Number of protein chains: 2
Amino acid sequence: MTTMLEVAKRAGVSKATVSRVLSGNGYVSQETKDRVFQAIEESGYRPNLLARNLATKRTQTLGLVVTNTLYHGVYFSELLFNAARMTEEKGRQLILADGKHSADEEREAIQYLLDMRCDAVIIYPRFLSVDEMDEIVEKCEQPIMVLNRRLRKNSSHSVWSDHKASCQEAVSQLIEKGHREIAFITGSLDSPTGVERLSGYKDALVQHGIPLHEGLIAQGKWNPASGAAAVSELLARGATFTALVASNDDMAIGAMKQLHDSGVVTPDAVSVIGFDDVAIAPYIVPSLSSVRIPVTEMIKETISRLIFMLDGGEFKYQQTFSGELVLRDSVIDGPHR
Amino acid sequence: MTTMLEVAKRAGVSKATVSRVLSGNGYVSQETKDRVFQAIEESGYRPNLLARNLATKRTQTLGLVVTNTLYHGVYFSELLFNAARMTEEKGRQLILADGKHSADEEREAIQYLLDMRCDAVIIYPRFLSVDEMDEIVEKCEQPIMVLNRRLRKNSSHSVWSDHKASCQEAVSQLIEKGHREIAFITGSLDSPTGVERLSGYKDALVQHGIPLHEGLIAQGKWNPASGAAAVSELLARGATFTALVASNDDMAIGAMKQLHDSGVVTPDAVSVIGFDDVAIAPYIVPSLSSVRIPVTEMIKETISRLIFMLDGGEFKYQQTFSGELVLRDSVIDGPHR
DNA sequence: TTGTACGCGTTATCAA
DNA sequence: TTGATAACGCGTACAA
């Protein structure tokens, strides 16, 4: 690899001058500029970003940590796509680190990004507690933002959407359409998101004076297969319901398939609501209603805040997002029996 | 940020000793080891990877370039997930750079990874020509592997699956099941993959002595909406067919929805085959057959080769993968009318 | 077993 | 307008 020094020699100038030409800082005569550029061309010189970043103490990169349990599915794609786009819009590069599937590995991933001296870090946590992340935010010199969690102490360093309220709203809509027997498929209950959605379901029932039947609740694990399994379990229990809320779209899709396959209940007879809006779902299951989580908007806010902080700014206020309920025919019509 | 020097002072030793303790190279007495570790604890020291990488001339990272037009969908997720997993298995970190949506931006992304001094780079090209990539492979000091293209000169630096043969095979299967009128939805025809699949379709027909009807071919753009639009166009033309091959699963899904909505042809009456196997598809459209591209295996081979090259190895031979046709009932049964 | 001193490829601060 | 030269934080011969 040819270095700046070799370029300098070839052009008959010093390293410093080459550096000036490249960075645009400082005065350089047009004549020497030309000579330098020519030398660069001839030698195929490429700047070493490691050296540059070490010297400037800036890497122009944002780090992003996500668990790979989220990798499958369109939700992650949307997250990643927008994060990359917005980061580059701000003239920076996104570096992705895999949080894998444990708290330790999530910690390691964060640490890696910090050790790489990313200018700032975005964490979409899955295993780490809110308290630990509050600690990380305070300890680190780099600005840090946490997605999908509400930090206790540094709430302005987090951007989240109110899963409980969104779910409560969705269930309320079903109740108002006349549904009384509403089944619920949970997500993994070691995830706050899963717990919050379940809690929203329960609160909506209470709020409308509808008794809670544990028999109408089945546990899922976010993926389609577990949604299908949950429906099997509900049916095996002899549960009857006119509506079904699944804690995400993937499970909702698995659930609908199982409803169809089992033949006990035709899908059209059950109103189904999911979450996160797998973008492809409407093409296949037009009857699936969904609560759309505004990932794009949330990422945008997150990155804006980070950039602002990098420029020395400080946020006092926090911002909550809420899911938007997109209803399809089967819900709008109310119960079919 | 506390540096190694500060740790050294606190422990009453020299930088070199701290470095030895951290890397495990060279002899250090247990006693001083303990002192150093304690000093590290107390000061919250973290090594600066930029400095380390600059000094060692190794970054322990693999770069991956992918266009964001691939981000949506499960194919990309599987690619990324496995790439990250395997890279970390080899004790390295994956760095993702967005190739965005033009040849220039794809070049920039590759250049960025090289400038960051990634030890090796994987390119999943969308816009760059095979010739240009052959050039890049030869010019660069870092090992480079190209996914989903067959390089002309450096074929051992590429891993691809034979799209033409896979598609030909799929269409042949349909023909052998008794289908004679087989519609085809192309991918974007500025992509080699799209062209190859179309060519496989045509060749299969020729091979079986079935006349080619241009009226049975409609253009798509890889996404579900374009698959639906293609079906609309076919129907508007008055085309009749008992089977339909779409150049990927997303379009196949859109196509099936359109077949259903239009009511002209019930989906069950048409055997549909897609490509790439959107993992979620079987949960929703059990009747969708698909050619599974072995992404996981291909990534595995790619990374193995890179690691081997980093250790000074050189590959003489090349390896082709081929898609595996997964047939569902509607195809196995043959034409329904 | 430990310390000294130099190199990695840049940027940045001075003089000149 | 240009050139020495000192950082940046770490690895590593070489010497002790």
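So that the names make sense, note that chain A is the first sequence line, chain B the second, and so on, each numbered from 1. Quick caveat, the model's predicted, so the values are computed rather than measured.
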Checking contacts here: which listed nucleotide (C:dT4, D:dG9, C:dA12) is nearest the side-chain heavy atoms of B:A16? C:dT4
To the nearest angstrom, how far is A:M1 atom CE from C:dT10 atom P? 10 Å
Nearest-Å distance for atom pair CE/P, residues A:M4 and C:dC8: 15 Å
With respect to the side chain of B:V13, which nucleotide from D:dC10, C:dG3, C:dG9 is positioned closest? C:dG3
Can a donor-acceptor pair be found between the side chains of A:T32 and A:S29 at a distance below 3.5 Å? yes
Assign B:S23 to base, sugar-phosphate, or nothing according to its heavy-atom contacts below 4.0 angstrom with the strands shown. nothing
Test item: side-chain donor near acceptor, B:N148 and B:H163, under 3.5 Å: yes
I want to check one thing: is the phosphate of D:dG9, taken as OP1 and OP2, less than 4.0 Å away from some side-chain N or O of A:K57? yes
Atom-pair distance (CZ on B:R58; C1' on D:dC10), nearest Å: 17 Å
Among D:dT2, C:dT11, D:dG11, the one nearest any side-chain atom of A:R52 is C:dT11
Tell me which of A:G26 and B:T56 sits closer to the 5' end of DNA chain D, going by the nucleotide each one is nearest to. A:G26
Whether A:T17 contacts D:dG3 is assessed here as follows: a side-chain N or O lying under 4.0 Å from the phosphate OP1 or OP2. Is that the case? yes
Could you check whether A:E78 and A:N82, counting side-chain N and O atoms only, form a donor-acceptor pair closer than 3.5 Å? no
Looking at D:dT1, D:dC10, D:dG3, which one has an atom nearest to any side-chain atom of A:R20? D:dG3
Please identify each residue that fulfils side chain to side chain donor-acceptor pair (under 3.5 Å) with A:R35, with sequence neighbours left out. none
Side-chain contact check for B:S19: nearest option of D:dC10, C:dT2, D:dG11 is D:dG11
Can you name the residues that form a salt bridge (Lys or Arg N to Asp or Glu O under 4.0 Å) with B:E135, not counting sequence neighbours? none
Please determine, for the side chain of A:K15, which listed nucleotide (C:dT2, D:dA6, C:dG9) has the closest atom? D:dA6
Minimum-distance nucleotide (side-chain atoms of A:A55 versus C:dT11, C:dG3, D:dT1): C:dT11
d(CG, A:L5; C1', D:dG3) in whole Å: 13 Å
Distance check: side-chain N/O of A:T3 vs OP1/OP2 of C:dG9, anything under 4.0 Å? no
At 4.0 Å (heavy atoms only), tell me whether A:R117 reaches a base, stays on the sugar-phosphate, or touches nothing. nothing
In terms of side-chain heavy atoms, does B:Q318 have a donor or acceptor partner in B:S158 at a distance below 3.5 Å? no
Between C:dG3, D:dG9, D:dT2, which nucleotide gets closest to the side-chain atoms of A:V28? D:dT2
Once you round it to whole Å, what is the distance between P of D:dC8 and CG of B:N53? 19 Å
Figure out the OH/P separation between A:Y27 and C:dA16, and round it to whole Å. 21 Å
Taking only the side-chain nitrogens and oxygens of A:Y45, find out if one of them lies under 4.0 Å from OP1 or OP2 of C:dT10. yes
Ranking C:dT1, C:dG3, D:dG9 by distance to the side chain of B:L54, first place goes to D:dG9
